[in-house]
Amino acid sequence: MDLKFIRNNPELAKQIIRRRNESISIDEILQIDEVRRKTIQMRDQLRMEHRRLTEEIAQRKVQQTPVEELIIQAKELADKIRQIEAEVKQKETELEKKLAYVPNVIHESVPNEDTIVKNWGDIPKFSFKPRPHWELGETLDIIDFKRAAKLAGSRFVLFKGPGALLERSLINFCLDVHIKKHGYIEINPPSLNLEICFYNSGALPKLADEMYRCANDPFYLIPTAEVPLVNLHQNECFAEKDLPKYYTAYTPCFRREAGSYGKDVRGMIRIHQFDKVELVKFTVPEQSYHEHEKMREDVEELLQLLELPYRVKLLSPSEMAFQSAKTYDIEVWAAGCEAWLEVSSISNCENFQAKRANIRVRRNNNELEYVHILNGSGLAFPRIFIALIENNQQPDGSVLIPKVLWSYMGGITKIE
RNA sequence: GGAGAGAUGGCCGAGUGGACGAAGGCGCAUGACUCGAAAUCAUGUUUUGCCGUAAGGCAAACGGGGGUUCGAAUCCCCCUCUCUCCGCCA
């Protein structure tokens, strides 16, 4: 929601804030905006007068008639303008600060409660009690939490031998499907990004506590490749024929998990650094919901190829990310933890990020318009790794590798 | 890290204090000419904010920020990025 939207639809804006469980005050914003506009009018009026004076001075200089009196007048005016300019700037800053906390609109198809819209695959049955990944990983010597803790403390993981290979294979497999089959362009971006990029994508200011910040440099570690991918085209203007644009990137993702001390403490369901392949699309507005469904299919296809049972959840407004207008979460079943793990979140952010990052499209009719930007995980790995080894474990403690990964695993079909 | 050069509209490129939102060229759009096209000619061709139902009006912007001045693309300071050279390094 931008300022104009709020100004034209104050009641709707308030309703959206309520439904999303946000707390920013629309009335306060409108109040500041009104003062701001009045001040701008005053400023522009004075500037006009000042300009007239300046032009008069220039003319008189040419005609060599005296100008001292005019200069004194202009000087006074200039002082006054400087004052009012400062006021305008102050109001604008104040307003900007508030607007930074205004979330995106909600798409009409979003329900009030989280809704499961699809189930795929059968939950695996076992003749024995399936073990969780932290046990399996230790027995197979492919995950080492103790040594990871030596390096980085709790909530970090370290893959070893075939485990490291499996993680790497998963990454490559996902990238390859997106690149070769779905037409995404691979990007390998910096993992440290400038503050402005986080603001543009919607991570800042809201999630400041969730991110790692560099002490001596103006960077944050990215919590997702959504940040660099969305910002690739910062301050750019597409030609309509160049859209849609599909990007994918593998990056490590860093999250402080500040608000989740008691949650998912065992294993690697929730860790500070994890691998993820991300998808981002830039589209014209009228295509974005179609592209949103397509992106979801792209992600689902990976899970089907990996033979992991999953369900698709359409999120309610209070569960959606700040920048998203509509989000699907995809969750896989992990037999050892006996839980559905979120492995992808697929969002249409409409023009929210495009407005912040100033990314537009020159339409065929020559008009300028903000693009729509979508993002989705495809996929988030340690959790895929978890589901894979937990679901594919055998009575003897070994783990079968799905067929699609064999070539990536150098022919290994089983970890034992 | 040190030294130097640069950043102007969709692109190239001029502009060292007032007549510059910005010459000239290219590109693009529309029109004329043409059976049609090319060439040629003519006209047009940035964005943002504020006011206005609209037509339109006003203001701002020459990498970003600050300063000098009645007046800044032009002078001064800081920053960013690009290029060249030196140092260092996977």
Side-chain angles (χ1 to χ4, degrees), chain A residues 1-9 29-100 102 188-200 214 216-220 228 231-243 245 252 282 284 351-371:
Chain A
M1 293 191 281
D2 60 10
L3 187 55
K4 260 187 200 141
F5 179 92
I6 295 171
R7 214 187 285 156
N8 296 333
N9 313 280
I29 287 173
L30 289 172
Q31 219 170 37
I32 298 168
D33 179 49
E34 207 179 308
V35 178
R36 172 185 141 266
R37 277 148 70 204
K38 288 226 171 83
T39 321
I40 283 176
Q41 282 175 45
M42 226 154 41
R43 180 198 64 185
D44 284 356
Q45 179 63 34
L46 291 179
R47 285 220 272 231
M48 186 169 71
E49 286 168 28
H50 183 257
R51 209 182 149 148
R52 297 287 117 84
L53 269 179
T54 297
E55 278 162 9
E56 176 73 19
I57 289 168
Q59 252 179 32
R60 287 206 192 178
K61 284 239 166 150
V62 173
Q63 295 161 356
Q64 304 200 316
T65 43
V67 293
E68 285 73 30
E69 203 176 311
L70 288 187
I71 289 184
I72 291 168
Q73 271 183 48
K75 214 179 244 184
E76 277 172 17
L77 246 185
D79 279 344
K80 212 186 280 178
I81 289 170
R82 260 189 285 274
Q83 262 178 43
I84 296 195
E85 252 166 9
E87 272 174 56
V88 170
K89 199 167 251 179
Q90 195 236 322
K91 284 293 155 199
E92 279 174 348
T93 314
E94 208 177 316
L95 195 57
E96 236 167 72
K97 261 190 211 152
K98 299 273 178 201
L99 288 172
V102 174
N188 188 330
S191 294
L192 293 167
N193 282 194
L194 294 166
E195 184 165 16
I196 182 71
C197 299
F198 295 86
Y199 173 76
N200 289 343
C214 292
N216 299 321
D217 293 290
F219 304 124
Y220 288 83
N231 281 283
L232 280 183
H233 293 289
Q234 202 180 135
N235 295 316
E236 288 182 31
C237 183
F238 289 103
E240 182 164 349
K241 66 173 168 50
D242 295 331
L243 295 179
K245 206 106 185 166
F282 297 83
V284 292
N351 64 16
F352 181 93
Q353 297 171 322
K355 279 175 182 165
R356 287 190 171 194
N358 189 29
I359 304 172
R360 294 176 296 177
V361 50
R362 172 77 65 184
R363 301 306 300 253
N364 291 333
N365 65 9
N366 217 32
E367 285 191 359
L368 273 176
E369 202 172 351
Y370 288 107
V371 297

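All chains are named by letter (A, B, ...) in the order of the sequence lines, taking the proteins before the strands, and each is independently numbered beginning at 1.
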Exercise. Reckon Arg43(A) has a side-chain N or O less than 4.0 Å from the OP1 or OP2 of A60(B)?
Worked result: no
Exercise. Given the rule in the side-chain contact (heavy atoms from CB on, under 4.5 Å) test, do Asp33(A) and Ile6(A) qualify, once you have shown the distances and angles that lead to the verdict?
Worked result: CA-CA 10 Å; Asp33(A) 179 49; Ile6(A) 295 171; over 6 Å; no
Exercise. Looking at Lys75(A), does any N or O in its side chain come under 4.0 Å of the phosphate oxygens OP1/OP2 on C70(B)?
Worked result: yes
Exercise. Can you say whether the rings of His233(A) and Phe282(A) are parallel (under 30°), tilted (30 to 60°) or perpendicular (over 60°)?
Worked result: perpendicular
For this session: Assess whether side-chain contact (heavy atoms from CB on, under 4.5 Å) is satisfied between Glu76(A) and Lys80(A), documenting all intermediate values.
Result: CA-CA 6 Å; Glu76(A) 277 172 17; Lys80(A) 212 186 280 178; over 6 Å; no
Problem set entry | Residue pair His50(A) / Ala74(A): nearest heavy atoms and the distance that separates them | CD2-O, 3.5 Å
Exercise. In the strands shown, is A54(B) matched to any nucleotide by a Watson-Crick or G-U wobble pair with both distances under 3.5 Å, and which?
Worked result: none
For this session: Using atom CD of Glu69(A) as one end and atom P of C70(B) as the other, report the distance to the nearest whole Å.
Result: 16 Å
Seminar exercise, completed: Residue pair Leu53(A)/Leu3(A) against RNA chain B: nearer the 5' end by closest nucleotide is Leu3(A)
Exercise. Between Lys38(A) (NZ) and C50(B) (P), how many Å, whole number?
Worked result: 14 Å
For this session: Map Arg36(A) and Ala58(A) onto RNA chain B by nearest heavy atom, then report which one ends up closer to the 5' terminus.
Result: Ala58(A)
Exercise. Using purine N1 to pyrimidine N3 plus N6-O4 or O6-N4 for Watson-Crick, or N1-O2 and O6-N3 for G-U wobble, each under 3.5 Å, what pairs with G10(B)?
Worked result: C26(B)
For this session: Take atom P in A73(B) and the same atom in G21(B), then report the distance between them in whole Å.
Result: 8 Å
Exercise. Atom NE2 of His50(A) and atom C1' of U69(B): how far apart are they, to the nearest Å?
Worked result: 9 Å
Exercise. So what does Ala74(A) touch, heavy atoms closer than 4.0 Å: a base, only the sugar-phosphate, or nothing?
Worked result: sugar-phosphate
For this session: Under a 3.5 Å limit for both distances, which nucleotide forms a Watson-Crick or G-U wobble pair with C20(B), could you say?
Result: none
Exercise. What distance, rounded to whole Å, do you find between the two P atoms, one in G71(B) and one in G52(B)?
Worked result: 30 Å
For this session: Looking only at side-chain atoms of Lys89(A), point me to the closest of C51(B), C70(B), G66(B).
Result: G66(B)
Exercise. Which part of the nucleic acid does Arg362(A) contact within heavy-atom distance under 4.0 Å: base, sugar-phosphate only, or nothing?
Worked result: sugar-phosphate
For this session: Sort out the partner of C75(B) for me: Watson-Crick or G-U wobble, both distances under 3.5 Å, none otherwise.
Result: G67(B)
For this session: Calculate the interatomic distance between Ile72(A) atom CD1 and G71(B) atom P; express it in whole Å.
Result: 14 Å
Problem set entry | Rounded distance in Å between the C1' positions of G15(B) and A22(B) | 9 Å
Problem set entry | Nearest-Å distance once atom P is located in both A14(B) and G25(B) | 15 Å
For this session: Sort out the partner of U40(B) for me: Watson-Crick or G-U wobble, both distances under 3.5 Å, none otherwise.
Result: A32(B)
Seminar exercise, completed: Atom CG of Asn358(A) and atom P of G63(B) are separated, to the nearest Å, by 17 Å
Problem set entry | Between A60(B) and A54(B) - P atom distance, rounded Å | 23 Å
For this session: Give a yes/no answer on whether the side chain of Arg7(A) brings an N or O atom under 4.0 Å of OP1 or OP2 in G49(B).
Result: no
Problem set entry | Interatomic distance at P, G44(B) relative to G57(B), whole Å | 15 Å
Exercise. Rounded to whole angstrom units, what separation is found between the CZ atom of Arg363(A) and the P atom of A29(B)?
Worked result: 18 Å
Exercise. Where the side chain of Met48(A) is concerned, which of C70(B), C50(B), A59(B) is the nearest nucleotide?
Worked result: A59(B)
For this session: Name the nucleic acid region contacted by Ile40(A), choosing base, sugar-phosphate or nothing; use a 4.0 angstrom heavy-atom cut-off, strictly under.
Result: sugar-phosphate
Exercise. Is Arg60(A) reaching over with its side chain to a backbone N or O of Pro66(A), donor-acceptor style, under 3.5 angstrom?
Worked result: yes
Exercise. Does U47(B) pair with anything, Watson-Crick or G-U wobble, both distances under 3.5 Å, and if so, with which nucleotide?
Worked result: A60(B)
Exercise. Looking only at atom P, what distance separates C58(B) and G4(B), rounded to whole Å?
Worked result: 46 Å
Problem set entry | Backbone N/O of Ala100(A) and side chain of Arg356(A): donor-acceptor pair under 3.5 Å | yes
Seminar exercise, completed: Ile57(A) has its side chain closest, among C70(B), C51(B), A60(B), to C70(B)
For this session: State which of C58(B), U48(B), A60(B) makes the closest approach to the side chain of Arg360(A).
Result: U48(B)
Problem set entry | Pairing nucleotide - C85(B), Watson-Crick or G-U, each distance under 3.5 Å | G2(B)
For this session: Determine the contact category for Leu368(A): base if any of its heavy atoms lies under 4.0 Å from a base atom, sugar-phosphate if only primed atoms, P, OP1 or OP2 are that close, otherwise nothing.
Result: sugar-phosphate
Exercise. What nucleotide among G71(B), A59(B), C50(B) has an atom nearest to a side-chain atom of Ala78(A)?
Worked result: G71(B)
For this session: Please measure how far the P atom in U8(B) lies from the corresponding atom in U74(B), and state the result in whole Å.
Result: 14 Å
Exercise. Going through the distances and angles, do Phe219(A) and Leu194(A) end up as a side-chain contact (heavy atoms from CB on, under 4.5 Å)?
Worked result: CA-CA 5 Å; Phe219(A) 304 124; Leu194(A) 294 166; 3.6 Å; yes
Problem set entry | Gln90(A) and Glu94(A): side chain donor to acceptor below 3.5 Å | yes
Problem set entry | Thr54(A) side-chain proximity, nearest of G18(B), A60(B), C50(B) | G18(B)
Exercise. Nearest-Å distance, CG (Asn235(A)) to P (U48(B))?
Worked result: 13 Å
Problem set entry | Interatomic distance where CG belongs to Leu194(A) and C1' belongs to C81(B) [whole Å] | 11 Å
